[in-house]
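Structure, as structure tokens:
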Amino acid sequence: MRPHKKENNAMEKPRLLIVNNNMHLGGVQSALAALLQQICDQWDVTLLLLYPGGELMDRIPPQVEVVSAAPLLAYWGMTRQDAAVSGKARTRLFMAGLTRLLGRSVVILPALLSQKKLTGFDAAISFLHSGPDRVFYGGCNELVLRRVEAKRKFTFLHCDFAAIGGCSRSNARLYRRFDRIAACSCGAELAFLRVFPQLSDRTMVVPNCHDYAYIRAMAEKEPACLPRTGVNVLTVARFGREKGILRAAEAMAELAQQRDDFRWYVIGDGLEYAPVQALIHARGLEERMVLLGAKLQPYGYLKAADLLLIPSVSEAAPMVIGEAAVLGTPILSTRTSSAVELVQQPGLGWVCENSLTGIQEGVRRVLDDPQSLAARAGALEGMKLDNTLALRRFAELLTEERVSL
């Protein structure tokens, strides 16, 4: 880490440390990149990554100093692919097995002890939540609490904490040690407080930032050409169980066999990609249900689509909501912890029941009412979206002030 001068004049910016696992494609990482763009001129920001890699590394502003955690902590930030490419897959697998057996708090201790203490910060933020005790995920909270010296310490929640199984004594001990806990939505805050109601006095909502100018620019730079006949439905998500892609594929396949007025495109990759691909092939629907794979820049497709479908089983505040909204694409989401708050109430789209049948019926209703779909898209074109609230809330977090939403 580069040396910093002591704060000996009023013009020197306060020092902020932010800790995250990596900068791979994902909602947490996209939110972090957007936040860094917004705050790098007001704060002297150091970003500590457990694993210093990922497709979004070049989205980090040049003013932000990027440092790496100790080598043992890097395993907590690696994906399976990272470990395989670097020849460390066996070690990562061994540590994951130990975590299932002994728990995160035990397995991460040697890695934390190997990390040199980081000192001299006005504030330190863990940007990644802790998962279930016996899942090989997290580590950022422990690092900030045990290996960082800062005047104030904060942690962010980017999940439905109840849905991920985060209720445990060890997580309760972790979270009560932070000065403030920032949830990315009201729904995420309520989900967390259902698990840990005793922490209500230090929990607040800090919405995610979006880089709206970048989203618009990339949509123009890399446009997508989709058929003009029928409704083009798009899903952008990791193929993980909580994202509901497989059940959405089953719902859309049944719908596609009943009507021919839509196509479904999916951007993403993950563990359930192969089962979804097999389902589409078995039904002979390759022309109607198109898997596009992972894309660093999905914005051209988001702008070209007529409807964004979010079929998640559990969700907090997916970044794709703001991305679709700024590009004028209406949204249909399953009912998750924040769906009504983020999609229905601000007029960005509709919410359907959180089930296979709910997804199918929700899409059917939109297809049957093209005037409503067109009206919603028109309303989005005139909607002003900015980061004013998110930045005001972030400032409150760091200055320990509270105002109502």
Please say whether more than 12 non-hydrogen atoms of neighbouring residues, nucleotides or ligands are located less than 6.0 Å from CD in Glu287.
no

Given 3.5 Å as the limit, does a donor-acceptor pair link the side chain of Arg376 with the main chain of Gly349, or not?
yes

Could you go through the side-chain hydrogen bond (donor to acceptor under 3.5 Å, both in side chains) check for Glu222 and Tyr301 one step at a time?
CA-CA 9 Å; Glu222 300 182 15; Tyr301 283 92; over 6 Å; no

Could you tell me whether the side chain of Asp211 and the main chain of Gln37 form a donor-acceptor pair under 3.5 Å?
no

Measure centre to centre between the rings of Phe192 and His129, then say whether the value is under 6.0 Å.
no

Do Lys153 side-chain atoms and Val144 backbone N/O form a donor-acceptor pair below 3.5 Å?
yes

Counting distance only, does the side-chain N/O of Glu149 pair as donor-acceptor with the main-chain N or O of Phe121 below 3.5 Å?
no

Looking at Asp122 and Arg15, would you say the former's side chain and the latter's main chain have a donor-acceptor pair under 3.5 Å?
yes

Using a strict threshold of under 4.0 Å (side-chain N to carboxylate O), is an ion pair present between Arg364 and Glu361?
yes

Begin from the C-alpha positions of Gln63 and Asp44 and carry the test side-chain hydrogen bond (donor to acceptor under 3.5 Å, both in side chains) through to its verdict.
CA-CA 8 Å; Gln63 304 97 309; Asp44 180 1; over 6 Å; no

What are the two closest non-hydrogen atoms of Ala317 and Asn208, and how far apart are they?
O-ND2, 3.6 Å

Main-chain N/O of Ala316 paired to Ser338 side chain as donor or acceptor, under 3.5 Å
yes

Donor-acceptor pair, side chain of Glu65 and main chain of Thr46, under 3.5 angstrom
no

Relative to each other, are the rings of Phe239 and Tyr273 parallel, tilted or perpendicular (30° and 60° limits)?
tilted

Count the heavy atoms belonging to other residues, nucleotides or ligands that lie under 6.0 Å from CG of Leu296, then report whether that count exceeds 12.
yes

Relative to each other, are the rings of Tyr51 and His24 parallel, tilted or perpendicular (30° and 60° limits)?
parallel

Do the charged groups of Glu220 and Lys303 touch, with an N to O distance under 4.0 Å?
yes

Donor-acceptor check, side chain of Arg134 to backbone of Leu101, threshold 3.5 angstrom: yes or no?
yes

Does a side-chain N-to-carboxylate-O contact under 4.0 Å join Asp368 and Arg259?
yes

Of Leu36, Leu16, Val19, which meets side-chain contact (heavy atoms from CB on, under 4.5 Å) against Leu47?
Leu36

Full working for side-chain hydrogen bond (donor to acceptor under 3.5 Å, both in side chains) between Ser314 and Asp160
CA-CA 7 Å; Ser314 67; Asp160 182 328; 5.9 Å; no

Salt bridge (charged side-chain N to carboxylate O under 4.0 Å, His left out), that's the test. Do Arg104 and Glu142 meet it? Break it down for me.
CA-CA 10 Å; Arg104 184 183 67 246; Glu142 288 89 344; 2.6 Å; yes

Hits for side-chain hydrogen bond (donor to acceptor under 3.5 Å, both in side chains) against Ser337, two or more places apart or cross-chain, chain-then-number order -> none

N-O pairing of Glu272 and Lys243 below 4.0 Å
no

Do the two ring centres, one from Phe127 and one from Phe156, sit under 6.0 Å apart?
yes

Parallel under 30°, tilted from 30 to 60°, perpendicular over 60°: which one fits the rings of His210 and Tyr212?
parallel

How are the rings of Tyr175 and Phe161 set to each other: parallel, tilted or perpendicular (split at 30° and 60°)?
perpendicular

Whether the side chain of Arg247 engages the backbone of Ser312 through a donor-acceptor N/O pair (distance < 3.5 Å, no angle test) should be reported.
yes

